[in-house]
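By convention in this document, chain letters (A, B, ...) are assigned in the order of the sequence lines, proteins followed by strands, and residues within each chain are numbered from 1. Hydrogens, waters and symmetry mates are skipped; everything else that's a heavy atom, side chains included, is used.
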Amino acid sequence: MFSNRMFNILVPIISVFLGLVAGAIIMLGFGYNPIRGYIALIDGAFGNAYFTGETIRRVTPYILTGLAVAFAFRAGLFNIGAEGQVIVGWLAAVWVGSSMEAPMIIHLPLAILAAAVAGGLWGFVPGILKAKLGVHEVIITIMMNYIALFLTNHLIRNVLTETKDTTDRVLESASLASNWIMEITSFSRLHWGLLIALAAAVIMWFLLEKTTTGYELRSVGYNRHASEYAGMKVGKNIVLAMVISGGFAGLAGAMEGLGTFGYMPTHSSFTNIGFDGIAVALLGGNAAFGTVIAAFLFGVLKEGSLNMPTEAGVPSELVEIVIALIIFFVASSYIIRWALLSLKKEGK
Amino acid sequence: MSKKGVGFLENYVVEMLNIRKEFPGIVANNNINLQVKQGEIHALLGENGAGKSTLMNVLFGLYQPEKGEIKVKGKKVHITDPNVANELGIGMVHQHFMLVDTFSVTQNIILGSEPRKYGMIDIKRAEKEVMELSERYGLKVDPKAKIRDISVGMQQRVEILKTLYRGADVLILDEPTAVLTPQEIKELIAIMKSLIKEGISIILITHKLKEIMEVCDRCTVIRKGEGIGTVNVAESSPNELASLMVGREISFTTEKTPATPKDNILTIENLRVKDSRGVEMVKGLGLEVKAGEIVGIAGVDGNGQSELIEAITGLSKVESGKILLNDKDITNMSPRKITESGLSHIPQDRHKFGLVLDFPIGENMVLQTYYQKTFSKNGVLSFNRIYDHAKKLIKEYDVRTPSEYTKARALSGGNQQKAIIAREVDRSPDLIIAAQPTRGLDVGAIEFIHQKLIEERDKGRAVLLISFELDEIMNVSDRIAVMFDGNIVANVKPEEINEQELGLLMAGSKKVGGA
Amino acid sequence: MLDILQTIIPIALFYSAPLILTALGGVFSERSGVVNIGLEGLMVMGAFVGIVFNLTFADVFGDATPWISILVAMVIGAIFSIIHAVASVTFRADQVVSGVAINFLALGLGVFLTKQWYGKGQTDMVSEPFYSTNIPFLSDIPIIGPIFFQKVYLTSYLAIIVAVIAWYVLYKTPFGLRLRSVGEHPMAADTNGINVYSMRYIAVIISGALGGLGGSVFALTIASNFSQSTIVGQGFMSLAAVIFGKWHPLGAMGAALFFGLAQSLSVISTSIPVLQEVPSIYLTIAPYVLTILALAGFIGRAEAPKANGQPYIKGSR
Amino acid sequence: ACGTADEDDSANPADDNTETEGTDETTNEGTEEQAEDTNFKVGMVTDTGGVDDKSFNQSAWEGLNAFGEANGLVEKENFDYVQSSSDADYSPNLNRLVQQDYNLIYGIGFLLMESVTKVAEQNPDTNFAIVDETIEGDNVVSIRFKEHQGSFLVGVAAAMKTKSKKVGFVGGVESELIKKFETGFEAGVKSVDPSIEVVAQYAESFGDATKGKAIAAGMYNSGADVIYHASGGTGNGVFNEAKDIKNADEDAYVWVIGVDRDQHEEGAIGDTNVTLTSMLKRVDVAVQNVTQQAYEGEFPGGETLEFGLEDDAIGIAETNEEAYTAEIDEKVQEFKQSILDGEIDVPSTDEELEAYLADL
Ligand SMILES: Nc1ncnc2c1ncn2[C@@H]1O[C@H](COP(=O)(O)OP(=O)(O)OP(=O)(O)O)[C@@H](O)[C@H]1O
Ligand SMILES: Nc1ncnc2c1ncn2[C@@H]1O[C@H](COP(=O)(O)OP(=O)(O)OP(=O)(O)O)[C@@H](O)[C@H]1O
Ligand SMILES: [Mg+2]
Ligand SMILES: [Mg+2]
C-alpha cells in the first residue's frame, strides 16, 4: 500500500501533470503547437535572469495571500477578503514609506508593520462580527473588499496626493528593492520581500503546529463547541485568526508597495492577488509549505503565460484553463488515490 | 400476514446466513447467522464494536456483504439499497437518528414517499395519515412540531412511525433505549409489545440486559464479529447473556464501601439559569456535594439538568444565585477559570463537546491543559510530553486505539468515552461532573467506568453524576438528588428508596423524607 | 420624492435581476449541500454564451434573439456546472476548491474562445440586447405604475417570478423537500431511499442554469458585450445574497434587491438635495457599509444547511 | 541590450536605418525598397485594455499599423504589441520588448508611467514613448493631448443640441486627466449659453457598465438630454441607457457624446443613432507621427509633445449628420477657429475653469 506521505506528494504532481496534458490537448485542438507553447511558457518564466527574477517577484505576494487564506481556513474561516486586505496593506506601507523620514532600520520595518496592521484591521472587522454576532465572514469580507478598493482610491487622490493617480514613491529607506538583486537579474523587480514571505511561511507553520495559540486555533477550526468546553475563548480565536490572516495579506500589499512598484496607483478594479491567494492556499492544502510550493507553481504559470502570445501565438488565457484543471485534479485527489490504488492492485 | 413462501420448518421472516462483512483492516462480521421469527422480538447483543450495527446495516441495504445470503420470508433477496429494504418491508431505526432537524415531524415521516396533489406535497393528507398511524400504534406525536423542538423520546417515535409509514413489518431498532429516560423506555416497551400484536417482527439491539429479559423472545449474541449463538431468553439469565457476550463473568452490582463524606466541595445556592431560548430552566436550585461522596442527580430529561451542568461548568450564564467550588465563588467565571479551580467534566455529548474528532487522540488528551507548564513552555507545545502523557493514559484506561496518533474520529464510541474519562479523571480535580458517562456503552465498559468513579470518590473527590438510568443512579450514588422542574425536590439515600418511589419523585408527584 | 423613487426603483430592479437569478442558483446548490463559490464562473459562462449566441444569431431570430440567447446560456451554464457536480459529488472534492476552479475555468475558457473566434479580447456590441418596456395596463396605475412598471426590463420580473417559483419548488414540492433533506442530513435522506448523489447533481445543474441565466441577463441588459471584465464580482455579490438571504429563495431575492437599492441610491444621491453635500466617497462605499450594518444590526446569525460543504460518502457517519 | 547597435556609440538605434538609407534622400516613398532588410522594430505595451478596447489602445495600434503600411513594414517582425493583464505586467512586458531588441517602445496610457520611467532609465539604448503622461529622460518622448480642446468643442455641440438646458458629464475615475475632459466640456457648454446647467458624476471605474447605466438613467431622468462620457467601458452603460430610452419612445430626445474614437457604432439603434458626436483623440495620428520620426532617425527624445487641434490629433466626429446639424457644426467651427487663433485658452483644471467662467 502507498503510504499517506507518498500520496500527499504524488497527488499534486499527478494533478499538475494532468493539467498540463489537458492544456496540450486544448492547444492541439485549436491548431497550436503545444511544445512551442510550453517552451514559450518556460522561456517566459525562466528564459533569462530577468524573467527568472520577475517570476520570483510574482510568487512573493502569492505566498503571502496564500498563507492568509490558508491560515483562516485552518481556524475554520473562509477569508475571501484577502483582496481588500492586500489593498489596504499596500496603501499603508506606501503611506508610511513615502510620508516620513527615518533611518532604514526603523523606516522599513515600520512600513512593513503598517501594512500588516492595516490588513489585520481589515480582517478584524469580519472577525469581530463573526465572533460577537455570528455574522457570516464570507459576506463581510466580500463587502470589505469593495470598501478597501474605493477607500484607498479616494485616499490616494484626496489625502496622499492632490488629485493624482499614483502616490509618491516610497523613500529609499523604506524600499525593499535592491540594486544588487536588480543587477544580477537584469533589472527585474525582484526584491527582498521574498525573504519576508518565506519567513511568514515559517512563522505560520510554527505558530499553527507548534504553539499553544496554534493549538487553540486549530481546535476552534475543527470543533467550536469542544473548544469552548475546554476553556478556550472561541471568539478571541476567531478574531485572532482573522487578524493574523489579514496581516499576512496586508504584507502581500507591502510587497507590492515597497518592493515591486514602490508606490501605489489607484485601482479601477481588484488586483486579484488576494483572490488568486484562495487558489494558492487550496492548491497548497492549506499548509504553510504547501502554500509556498503552490505559490511558485502559480507564479511560474502566470508569468510564463505572458510570453505565450508573442512567442507561440497561444492566448495567455490557456494558462488560466490549465490552472483551473490543476485545481480540479488536486481537489479530486480522492479519485486519483483511488486510481493509484487500483493500478497498484492490478500490478500485483 | 401472508404465510406464502415462508420456510417450511420455522416461520422465519428474516434469515441472514453466513454473513461476512469486511472493512479495511477489520472483519466486522464473520459468518454470522441471524434468524428472526415472525412476530417475535429478537435481541442482538454484543460489546461495543462487536458488529451489531454493521450486520443490521447489511440487512437494511446500506452495506453489501462480502459473503452470505439473506432471505426474507423465505425468498432469497439482494438488498442493494434502503429502497429495496423498504420494499421488502424492512425498516430501521438507526442508533444515531436519521432525522432532519429543521423539518417537521410529518415532513420527516413522509420524506421520500410524499403524498401529492397537483405536483405539490399534500401536507394536509400527510398530517392526517401520520395522526392515524400514531393513534393506531399508540405513538403519540405532534405532526406539526419541528424535530429540533421535541424530546429525544418523541424523536424516536418519529423514527418508528417513519418505518411504519412505509409499511414495514420487520423493524430494526439499533440501541433505541440508550438515549431514553426511564419513563420513555417504559413507553417504548409498551409500544414494542403493541407492535408485535399487529404482526410486526422486531430486531432489538441493546446493551441493557434487563430490557432483553423483559421484552425479548430470543437473543442472538455476537462477540468480536463472530456469531456466538442464539438463546431463548426465557431459558436464560442476565448473567449467562453477559458472559456469552464478553466471554467472562461480569458483576452487576458495583462493589463499594460506604462513603465517608467530608467538607463541602460544591455548594449551589438559589441558582437560576435560562436556556438558549430565554426560558428559565433552573429555578432557584440549591445543592451540596461533599468530598468523598457521589451525588447522583435523578430526573427525567428536560428538567433543567443540562442547564445546571452548563451553569456549573461556565458554559452558560447564571441569571442569579451562587456557585461555590471549594468555598470559592465561581459563578459566571469562564470555563477555563472554573476548570483551573478544580473541576472536571465528562460531557453528555461526547462528539459535540468532549473531543475534537479530527485531532489525534494524543492532542485530545490535553484539551484543557495544553497551555500548562507540563505541556508547553513559553507558548510552545512539547509534543514529546503530550504524546508520552497520552500513551500513559491510553494504557492506564485501556483505550483501544491503534496508536496515540490516531484521530479520535476513528475510535469506537466506547473507546472515545474512555479517552474522555481518562483525561478528565487524570487531572485529579476536586469535583468530577459526569453527565451520562455510560450512555451507549456495553456492560464491560460500564463496569469499568463505574469503578473509576468510585475509585475517585475513595480518593476524596466529590462526584456529581447525572444520569437518566435509574440503575446507574441507584448503584453508583451515595446520595440521590431528585431533580424536577428546575429544582431539587428530594434528597434520598439509595438504600432507603426503591425504583418505584424514585420514579414517582422524578415525575414530581410527591416529596419523600429527605436525607 | 416620486421622481426619485421613479429613478431609484427601476435602477434597483435592473441591477438586482442578474444577482437574484444567480443567487437562486446558489440557493439550490447550497440547499442540497454543495457549496458554490463558482457562481462567479457560472455567470461568466452565461455572459459569454449569451453574447456569442446573440452576435451569431441576431439575424436569424430578430427580436426574439435575446430571449433565445438567455435560454441557450442557461443550457450551456447547466452543462458547464456538471464539472462542479462531478468534482464535488462524485470525486468528493473539497467544494470550495472545485468552485474556485470553476471561476478560473470559466474566465479562461471564455476569453480564450473569444480570442479564438473573434481574434480579439472582447466581442462587439450585440445588436439585439434587452430593452426596457412599459408594462401594459399596470404602468397606467397612478403612483405605483410609474415606479414599478414603467421603463422596466422584463428580465427583472422574470427574476422575481423565478424566485417565487424557486420558493414554491423548494418548499412545496416533494422534490424540494428531498433536495433540502439532502443538504441537511444526507444519510437520513439516503435511508429514506433518496438518491443523494443524483439529488445533488440536479441541484448543482440547476445552479448552473440559473447562474448562466443571471450572467446572460447581465450581459444582455447591461454590458452588451463580453470581455475579461464583463463579470467582475457580480457572482460574489450573488453569493453574499445567498447568505444574506439565509439560503432562502425569497431571502436571497430580498438581499439582491437590497444591494440594488443601495447601489442605485448611491448613484442617484447626487441629485437628491440633502445628499448632495455628502462627499462622494461615502456614497460610493455606502452599499457595502449598509450591507455590513444590516447584517450586524438586525439580520445577524444565519444557519447554513447542516451538511453544506460535506461530500456524502455512503456508509460513513 | 540592443543587439545590432552594441558597438555603435550612438544612443539611437534608429541610426542604423538612416545609415543604411544613407545615400538615399527619400523618406516615405523611398523606404519601400528597404522594407525587406530593415531591422527597425517598434512595439507597444497596452494597459489592461488590449488593442481592441475601442479606445486609445486600439487607436495607438491603428497608428502603428498605419505607420507599417506607409513604410511597407511587416506586423510581428517590425511592429507588434503586448497586452498586459494586470498592473504588475507592465514592467515585464516592456522589458520583454527591450530584450527582443525593439528600437522604440510605447507605453500606452498613464498607468504605465512608473514602469516606463524605470525601464527607460535602465535601458538608455532603447527609445520609449508614453501616452498621456510626461516622463523625463533623453530616450523618452511624452505624448500628450489637449483633450480639453476637443471636449470644449463637444461642449459647444451639446449646448447647441440641448433643449432642456441641462447636460451631463460622466467620468470614469476622477483624475487629473479626466478633469481635462470635464472642464473643457463645461467651458464649451457655458461659452454658448452660461445658463445651461452641467451635471458631472464619476463612476469610480472605467469598466463598470452597470454604474454607467445607472448614472445615465439618473441624469436623463432629472432632465438632462445630452451626456458626454469620458469613462471607457463604463460608457457602454451610458449608451445602453440612451438606446433603451430611445427604444421605448422613438421620439425621446436623448443624446450621447462619445469619447476617444468615433463612437457612432455604439449609438446605433434600429434606423436611428443616439451618438450626437464624439470627441476624437487621435492617438493613432500621434503614434504614427512619432514613430515615423524615429524611423527616420529623428526621434524627439526628451520632449513632451502636446497634440491638439492644430495637429488634427484632436477633433470632433461628424458622422451623425442628421443629429449633428450644419447649424451646430457652424458654431463648432467658429469656436475651433477661435481656439486655433489663440483667442480662447481652453481651461484644463478646476481653477482655470473658474477663472474662465468668471470672464465669460
Ligand atoms: N464504515 C466503517 N468503516 C470501517 N470500519 C467500520 C465501519 N463501520 C464499522 N466498522 C468497524 O466494524 C466493527 C463493528 O462495528 P459495529 O458498528 O457493527 O459495532 P457495534 O456492535 O454496533 O458496536 P456498538 O455497540 O458500539 O454500537 C468495529 O470495529 C468498527 O470499527
Ligand atoms: N469511516 C469510518 N472509519 C473507521 N471506523 C468507522 C467509520 N465509521 C464508523 N466507524 C466505526 O464504526 C463503529 C460503530 O459505529 P457506530 O455508529 O455504531 O458507533 P458506536 O461505536 O456505537 O458509537 P456510539 O457509542 O457513539 O453510538 C465505531 O467503532 C466507529 O469507530
Ligand atoms: Mg452500533
Ligand atoms: Mg454504540
(request) Identify which part of C:Leu290 has an atom lying under 4.5 Å from any heavy atom of chain A, answering side chain, backbone, both or neither. (result) neither

(request) Heavy atoms only, distances under 4.5 angstrom: which of A:Val322, A:Ile139, A:Ile336 has the most pairs with chain C? Name it, please. (result) A:Ile139

(request) Pick one of side chain, backbone, both or neither for A:Ile26, based on which atoms fall under 4.5 Å of a heavy atom in chain C. (result) side chain

(message) What part of C:Val289 gets within 4.5 angstrom of chain A, counting heavy atoms only: side chain, backbone, both, or neither?
(response) both

(message) Could you tell me if the side chain of C:Phe244 sits less than 4.5 Å from the side chain of A:His136, heavy atoms only?
(response) no

Report all side-chain donor-acceptor pairs from residues 65-82 of chain A shorter than 3.5 Å, counting only partners two or more places apart or in another chain.
{"unit_1": "A:Thr65", "atom_1": "OG1", "unit_2": "A:Pro61", "atom_2": "O", "d": "3.2"}
{"unit_1": "A:Thr65", "atom_1": "OG1", "unit_2": "A:Tyr62", "atom_2": "O", "d": "3.4"}
{"unit_1": "A:Thr65", "atom_1": "OG1", "unit_2": "A:Ile273", "atom_2": "O", "d": "3.1"}
{"unit_1": "A:Arg74", "atom_1": "NH1", "unit_2": "A:Asn286", "atom_2": "O", "d": "3.2"}
{"unit_1": "A:Arg74", "atom_1": "NH2", "unit_2": "A:Glu209", "atom_2": "OE2", "d": "2.9"}
{"unit_1": "A:Asn79", "atom_1": "OD1", "unit_2": "A:Gly81", "atom_2": "N", "d": "2.8"}
{"unit_1": "A:Asn79", "atom_1": "OD1", "unit_2": "A:Ala82", "atom_2": "N", "d": "3.4"}
{"unit_1": "A:Asn79", "atom_1": "OD1", "unit_2": "A:Gln85", "atom_2": "NE2", "d": "3.3"}
{"unit_1": "A:Asn79", "atom_1": "ND2", "unit_2": "A:Gln85", "atom_2": "OE1", "d": "3.0"}
{"unit_1": "A:Asn79", "atom_1": "ND2", "unit_2": "A:Ser245", "atom_2": "OG", "d": "2.7"}

(message) Please classify the contact between C:Thr291 and chain A as side chain, backbone, both or neither, with a heavy-atom cut-off of under 4.5 Å.
(response) side chain

(request) Run the ring-centre check on A:Tyr146 versus A:Phe270 and record whether the distance is less than 6.0 Å. (result) yes

(request) Please examine the side chains of A:Pro315 and A:Leu318, heavy atoms only from C-beta on, and report whether any two atoms are closer than 4.5 Å. (result) no

(message) As an exercise: rank C:Gln95, C:Lys115, C:Gln116, C:His84 by heavy-atom pairs under 4.5 Å with chain A and give me the winner.
(response) C:Gln116

(message) Taking the ring centre of each residue, are C:Phe259 and C:Tyr15 less than 6.0 Å apart?
(response) no

(request) Give, as side chain, backbone, both or neither, the part of A:Ile142 having an atom under 4.5 angstrom from any heavy atom of chain C. (result) side chain

(request) Identify which part of A:Leu129 has an atom lying under 4.5 Å from any heavy atom of chain C, answering side chain, backbone, both or neither. (result) side chain

Check: residues 101-111 of chain C side-chain donor-acceptor pairs under 3.5 Å, at least two apart:
{"unit_1": "C:Asn103", "atom_1": "OD1", "unit_2": "C:Gly41", "atom_2": "N", "d": "2.7"}
{"unit_1": "C:Asn103", "atom_1": "ND2", "unit_2": "C:Ile37", "atom_2": "O", "d": "3.1"}

(message) For A:Ile321, which atoms come within 4.5 Å of any heavy atom of chain C: side chain, backbone, both, or neither?
(response) both

(request) For a ring pair (Phe, Tyr, Trp, His ring centres under 6.0 Å) with C:Phe48, tell me which candidate from C:Phe112, C:Phe226, C:Phe218 qualifies. (result) C:Phe226

(message) Is C:Thr90 in contact with chain A via its backbone, its side chain, both, or neither, using a 4.5 Å heavy-atom distance?
(response) backbone

(request) Against chain A, label C:Val86 side chain, backbone, both or neither, depending on which of its atoms sit under 4.5 Å from a heavy atom there. (result) neither

(message) Ring centroids only, cut at 6.0 angstrom: are A:Phe329 and A:Phe17 within range, meaning strictly under it?
(response) no

